[in-house]
Each structure stands twice: as structure tokens, then as C-alpha cells.
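Comments concern the structure below.
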Amino acid sequence: MVRILGALACALLLLTSTACGGSDDDQAAQALSKSLRDNGGGDNLELSKKQADCVAEKMVDNVGTEDLKKAGILTDDLEVKKEVGSVKMSSSDAKGAADAMVDCVDAVELMSRALADTGGAEVADCLREKLTEDDMRTFFQALFEGDAQSASSKLLKPVLACAGASQ
């Protein structure tokens, strides 16, 4: 009886909104979250399920499923594209995606850990002191706008300062 009532409630909600996990936005967020967890880029870049879910849900909320498709992140079937190297979002969508990353993940810590592999622990510790959330927000926004060169240049000064300090 409880199952039937639950199914009826879900069916009613589906008719009036996009609840119960059946909406395109829900499917897009689930695909993004899975991709973030599966393709984190190694031990230093792994996101927890909670972090990945947060990023995915905020990205869908901030950018929208249709714009994520237009940007080349999602397919028409709401799967994450295998190659997302050519992502190019509008400035406002890129800001929304960057906000999702920085609001849900300690982006400074993530970047510090990622660069610890190449620069060592001293560089990572230095970056934790020099990088700010605003630096990371600006970095991610440029990256989502499709400007990898500008994104890299946003972090170049603190990275070089830390690399020089460790020598």
C-alpha cells in the first residue's frame, strides 16, 4: 500500500513538475556527478560523491541543461561527452559553472594537491597560502569560457612564486 501511494505521489509530481528523479536536469546532474567521480584525474583530484553531486547540481542550476549541451559538455542523450576539451561557454554560464566548482569544493586545496605531484610538498604548502578562492573562480571561469591559455595565466604568478621559493 505504501509503495502504491509513493508511486502515485511521484506520478502526480511528475505531471506538475520535474520531481522524482525523472527530469532532464536530474539526469544531467547524475551524469555530471558520475563523470566527476570517475574521471577525477587521479588520487590528488578525486572528488567525493557529496562534492561531485554538489558541483553537478549547482552547475545544472546555474548553467542549465540546454546550455551544458550547447557548450559541448552533455550529449543530446544527457550523457557527458567523452572529450570535453573544446568547451566554450558564455561568460555568464562560465561564471555559473566556476561558482559551482568553488562553492562545492575546496578548489585551492584541490589545485595545491594537484601541483604537489610536480612541485612537491613545499610548492603545495606555498600555494595553499598564496591562492585564493577568487583566483580559483577566475581560473575556472576562463577555463569554461574555452580560454585555457588565459586560465593558466591566472595561476601563473602564484605558481611561479611558489616554485621559485622552493628552490
Side-chain angles (χ1 to χ4, degrees), residues 18-75 77-148 150-156 158-159 162:
T18 57
C20 300
S23 76
D24 284 355
D25 288 349
D26 290 340
Q27 188 177 344
Q30 289 171 5
L32 284 168
S33 177
K34 183 177 181 339
S35 179
L36 286 166
R37 289 188 321 271
D38 292 349
N39 302 312
D43 292 339
N44 285 338
L45 295 177
E46 285 183 9
L47 299 182
S48 69
K49 180 173 179 2
K50 182 178 178 180
Q51 290 171 320
D53 286 349
C54 179
V55 170
E57 289 167 13
K58 280 192 179 226
M59 196 173 289
V60 168
D61 287 346
N62 293 351
V63 177
T65 299
E66 287 305 311
D67 284 345
L68 288 168
K69 286 194 253 182
K70 288 178 194 171
I73 294 175
L74 295 174
T75 66
D77 295 330
L78 302 175
E79 296 295 326
V80 176
K81 287 189 174 181
K82 300 279 187 240
E83 294 292 323
V84 292
S86 61
V87 169
K88 182 149 176 67
M89 293 181 174
S90 70
S91 182
S92 62
D93 284 348
K95 182 186 179 321
D99 287 345
M101 288 295 298
V102 176
D103 291 349
C104 294
V105 177
D106 183 344
V108 171
E109 179 61 24
L110 190 71
M111 184 62 68
S112 299
R113 284 192 332 241
L115 294 175
D117 282 345
T118 56
E122 286 179 38
V123 170
D125 289 342
C126 177
L127 286 171
R128 285 181 187 96
E129 292 176 21
K130 292 203 180 290
L131 287 177
T132 67
E133 277 190 6
D134 286 340
D135 293 332
M136 296 309 302
R137 198 174 307 275
T138 302
F139 167 78
F140 283 122
Q141 182 170 347
L143 200 61
F144 287 124
E145 286 176 351
D147 193 352
S150 177
S152 296
S153 72
K154 305 285 183 200
L155 299 183
L156 191 58
V159 169
C162 289

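Treat the numbers as computed from the prediction; the structure is a model and nothing was measured.
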Measuring from atom SG of Cys104 to atom CG of Leu36, what distance do you get when rounded to the nearest 0.5 angstrom? 10.0 Å
NZ/Lys130: more than 12 non-hydrogen atoms of other groups inside 6.0 Å: no
For the residue pair Thr132 and Asp135, confirm or rule out a side-chain donor-acceptor distance under 3.5 Å. yes
Any side-chain heavy-atom pair from Leu32 and Leu68 closer than 4.5 angstrom? yes
Donor-acceptor check, side chain of Ser112 to backbone of Val108, threshold 3.5 angstrom: yes or no? yes
Measuring only between side-chain heavy atoms, which start at C-beta, is Leu131 closer than 4.5 Å to Met136? yes
Look up atom CG in Asp103 and atom CE in Met59, then write down how far apart they are to the nearest 0.5 Å. 11.0 Å
What are the two closest non-hydrogen atoms of Phe140 and Val102, and how far apart are they? CD1-CG2, 4.0 Å
Salt bridge between Arg128 and Asp125, side-chain N to carboxylate O under 4.0 Å? yes
If you apply the rule side-chain contact (heavy atoms from CB on, under 4.5 Å), what do you find for Val80 with Lys34, and how did you get there? CA-CA 9 Å; Val80 176; Lys34 183 177 181 339; over 6 Å; no
Measuring from Met101:CE to Phe139:CZ, what's the distance to the nearest 0.5 Å? 9.0 Å
For a 4.5 angstrom cut-off between non-hydrogen side-chain atoms, does Leu78 reach Lys69? yes
Could you report the tightest heavy-atom contact between Lys58 and Ala100, atom names first, then the distance? CB-CB, 3.6 Å
Nearest 0.5 Å, what's the CG-CD distance between Asp106 and Glu133? 7.0 Å
Check whether Ser33 reaches the backbone of Ala29 with its side chain - one donor and one acceptor, N or O, closer than 3.5 Å. no
Gap between atom CG of Leu155 and atom CG of Leu127 - 0.5 Å precision: 8.5 Å
Between Asp99 and Arg137, is the closest basic N to carboxylate O distance under 4.0 Å? yes
Salt-bridge contact Asp53-Lys50 (side-chain N to carboxylate O under 4.0 Å): no
For the student: nearest non-hydrogen atoms of Val63 and Ala97, plus distance: CG2-N, 3.8 Å
Distance col, row Asp77:CG vs Gln27:CD, nearest 0.5 angstrom, shows 8.0 Å
Where Pro158 and Lys154 come nearest, the two heavy atoms and their spacing: CD-O, 4.3 Å
